[in-house]
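Down below is the structure, laid out as structure tokens.
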Amino acid sequence: MEDSRTNIVSRENTAEKAEDRITLDYGSGGLKTSKLIESVLLPAFDNDALAALGDGAVLDGSQKLVFSTDSFVVSPWRFPGGDIGRLSVCGTVNDLCMAGGTPKYLSLSFILEEGFPFSDFESIVSSIAEEAKEAGVSIVTGDTKVVDAGKGDGIYINTAGIGFQRAVLPGKSAIRPGDAVLISGSIGCHGAAVMMARSGLLREDSPLVSDCRPLHRISAATLDVAGNDSIRILRDPTRGGVATTLNEFTEQIPFSIELDQSALPVDPAVEAACDMLGLDPLYCACEGRMLTVCAPETAGDILDAIRKVPGGENAAQIGTVTEDMPGKVLLKTPIGGRRILAKLSGMQLPRIC
């Protein structure tokens, strides 16, 4: 008995010591990330723009600006459907779009590891240039640093973006029962593609590719057909996937979101990869999909508009805001049961973006 109690105390002490260090869980986009933001970052940098916790911040000026920044550490740096360069542009452009903005300018900073192949660096820069042109943004400033061999894992990229606000989106506080939950395309493609590439299990002829793409046209089409009063919130479900992002919507509001499993657009290749890796597509990152919560009467018009844009062909209504089990995200199964989709609590897909 004494040995058993000693072991329990030892495990508890080890767990406490682990909290003194940053772990990969803090980059998951789930509960640990929220803890880091709420307990460290928000108190240190308290201001209204940051407290909104949107994908981008809306700033005052002669014209309202949207501003966002992101860092990219994906491993491997090249994956089916893209690479870290393409991802670095799409990630920040999409955050600006989700804040109701039109992206205009990016900064670009590299941290390179000594010994990284110059040809690979040129390939990444080419991807960045191509994607920036596609998204209609200019890269206007930047920086490059090189660290010692063995201390940088090849390449990391940081981008910051500025755009002009074209729509005022009220956010999750405006969500009401009966509102529709829309997704602009199939889910989980990026997370599944990166994890399969990392594992070495991806065949050369596999149809599985990342959904990495800029959302400027899809978000613009949505805002063109729906007024500010009908769109509650836009968000791209990156780390933690659709399930974790929707949990962020339902936190501290008196409603729930119920998803219809049969309505979820999931590519067969993603389903197969997730089955092989033991993952759930609802928790796999997307890098070119947009979640929309809107008034039910405008849902059909929004879907019609998105489906006309490349990348939005599989847009669907996947759920509804309800008054059952406030604060929860529920999944209605094909046999009529329901289960709770909790917020991702730790590391499922590290180094995914």
For Arg339, is there an ion pair with Asp280 - N to carboxylate O distance below 4.0 angstrom? yes
Nearest atoms (heavy-atom pairs only) where Ser173 meets Pro170: OG-O, 3.8 Å
Should Glu313 and Arg307 be marked as a salt bridge (charged side-chain N to carboxylate O under 4.0 Å, His left out) after you check the CA-CA gap, both sets of side-chain angles, and the distance that decides it? CA-CA 4 Å; Glu313 297 86 354; Arg307 288 167 183 157; over 6 Å; no
I need the minimum non-hydrogen distance between Ile187 and Ile183, along with the two atoms involved. CG2-CG1, 4.0 Å
Can a donor-acceptor pair be found, under 3.5 Å and without considering hydrogens, that links the side chain of Ser138 to the backbone of Val140? no
Is the closest side-chain heavy-atom distance between Glu131 and Pro214 below 4.5 Å? yes
Chi angles and distances behind the side chain to side chain contact (heavy atoms under 4.5 Å, CB included) call for Tyr156, Val147: CA-CA 11 Å; Tyr156 301 143; Val147 299; over 6 Å; no
No-hydrogen, no-angle side-chain donor-acceptor test under 3.5 Å, Thr238 and Asp236: no
Are Lys343 and Ser34 close enough that a side-chain donor and a side-chain acceptor fall under 3.5 Å? yes
State yes or no: do Tyr105 and Leu96 share one hydrophobic cluster built from I, L, V, M, F, W and Y residues joined by side-chain heavy-atom distances below 4.5 Å, directly or via other members? no
Can you sort out the partners of Thr333 under side chain to side chain donor-acceptor pair (under 3.5 Å), two or more places apart, ordered by chain and number? none
I need the Ile157 CD1 to Trp77 CH2 distance, nearest 0.5 Å. 9.5 Å
Look only at the side chain of Glu114 and the backbone of Asp148, and say whether a donor-acceptor pair between them is shorter than 3.5 Å. no
Check: Asp267/Ser186 side-chain N/O donor and acceptor closer than 3.5 Å: yes
Could you state the interatomic distance from OG (Ser184) to CD1 (Ile302), rounded to the nearest 0.5 Å? 12.0 Å
4.5 Å side-chain heavy-atom contact, Pro80 and Ser206: no
I need the Ile257 CD1 to Phe249 CZ distance, nearest 0.5 Å. 6.5 Å
So, Ser123 side chain and Ser119 main chain: donor-acceptor pair closer than 3.5 Å or not? no
Whether over 12 other heavy atoms sit under 6.0 Å from Phe121 CZ: yes
Any Leu341 side-chain heavy atom under 4.5 Å of Leu246 side chain: no
Does one hydrophobic cluster hold both Leu87 and Ile139, with members joined at side-chain heavy-atom distances below 4.5 Å? yes
Does Glu113 use its side chain to pair, donor to acceptor, with the backbone of Gly150 at less than 3.5 Å? yes
Closest non-hydrogen atoms of Pro237 and Thr245, given as atom of the first, atom of the second and distance, are CA-OG1, 3.4 Å
Where do Asp324 and Thr322 land on the side-chain hydrogen bond (donor to acceptor under 3.5 Å, both in side chains) test, with the steps shown first? CA-CA 6 Å; Asp324 293 341; Thr322 77; 4.5 Å; no
Closest approach of Gln317 and Ala263, non-hydrogen atoms and distance? O-CB, 3.6 Å
Return yes if some donor-acceptor pair links the side-chain N/O of His216 with the main-chain N/O of Glu134 below 3.5 Å, else return no. yes
Backbone N or O of Ser75 within a donor-acceptor pair of the Arg198 side chain at under 3.5 Å? yes
CG (Leu331) and CZ (Arg338) are apart, to the nearest 0.5 Å, by 10.5 Å
Salt bridge between Glu130 and Arg86, side-chain N to carboxylate O under 4.0 Å? no
Answer yes or no: is there a side-chain heavy-atom contact under 4.5 Å between Met195 and Cys274? no
Starting at SG of Cys189, measure out to CG of Asp211 and round the result to the nearest 0.5 Å. 5.0 Å
For Asp48, is the CG atom crowded, meaning more than 12 foreign heavy atoms sit under 6.0 Å from it? no
May I ask you to decide if Ala160's main-chain N or O and Ser107's side chain share a donor-acceptor pair within less than 3.5 Å? yes
Gap separating the CD1 atom of Ile162 from the NZ atom of Lys104, nearest 0.5 angstrom: 13.0 Å
Quick check: do Thr222 and Met290 have side-chain heavy atoms less than 4.5 Å from each other? yes
Can you pull the salt bridge (charged side-chain N to carboxylate O under 4.0 Å, His left out) pairs that have at least one residue in residues 164-189, sequence neighbours excluded? Arg166-Asp224, Asp179-Arg232
Using a 4.5 Å cut-off on heavy atoms from C-beta on, say whether the side chain of Ile124 contacts that of Ile84. yes
Do Val293 and Val168 land in one hydrophobic cluster if side-chain heavy atoms of ILVMFWY residues count as linked below 4.5 Å? no
Take atom CD of Gln252 as the centre, draw a 6.0 Å sphere, and report whether it contains more than 12 heavy atoms from other residues, nucleotides or ligands. no
If every non-hydrogen atom of Pro265 is compared with every non-hydrogen atom of Ile318, which pair is closest and at what distance? CD-CG2, 3.8 Å
Is it true that Phe67 and Phe164 fall in one hydrophobic cluster, defined by side-chain heavy atoms closer than 4.5 Å? yes
Taking the side chain as every heavy atom from C-beta outward, state whether Val194 and Val74 have any atom pair closer than 4.5 Å. yes
Can you list the steps and then say if Val209 with Phe79 is a side chain to side chain contact (heavy atoms under 4.5 Å, CB included)? CA-CA 8 Å; Val209 295; Phe79 47 84; over 6 Å; no
Does any N or O in the side chain of Asn94 come within less than 3.5 Å of the main-chain N or O of Arg213, such that one atom is a donor and the other an acceptor? yes
Pair Ser88-Thr159, side-chain donor/acceptor within less than 3.5 Å: no
Shortest non-hydrogen contact from Ser71 toward Asn158: OG-ND2, 3.0 Å
Can you check whether Val73's main-chain N or O pairs, donor with acceptor, with Arg351's side chain at less than 3.5 Å? yes
Whether Ser127 side chain and Gly85 backbone form a donor-acceptor pair below 3.5 Å: no
Derivation and outcome, side chain to side chain contact (heavy atoms under 4.5 Å, CB included), residues Glu287 and Ile352: CA-CA 10 Å; Glu287 286 292 349; Ile352 211 72; 5.5 Å; no
Could you go step by step and tell me if Lys328 and Glu258 meet the salt bridge (charged side-chain N to carboxylate O under 4.0 Å, His left out) rule? CA-CA 8 Å; Lys328 303 295 184 183; Glu258 182 175 298; over 6 Å; no
Run Met98 and Ser219 through side chain to side chain contact (heavy atoms under 4.5 Å, CB included) and show every step you take. CA-CA 7 Å; Met98 298 307 98; Ser219 63; 4.3 Å; yes
Check: Leu112 and Phe118 side chains under 4.5 Å, non-hydrogen atoms: no
When hydrophobic residues are tied together by side-chain contacts of less than 4.5 Å, even through go-betweens, does Val321 share a cluster with Met325? no
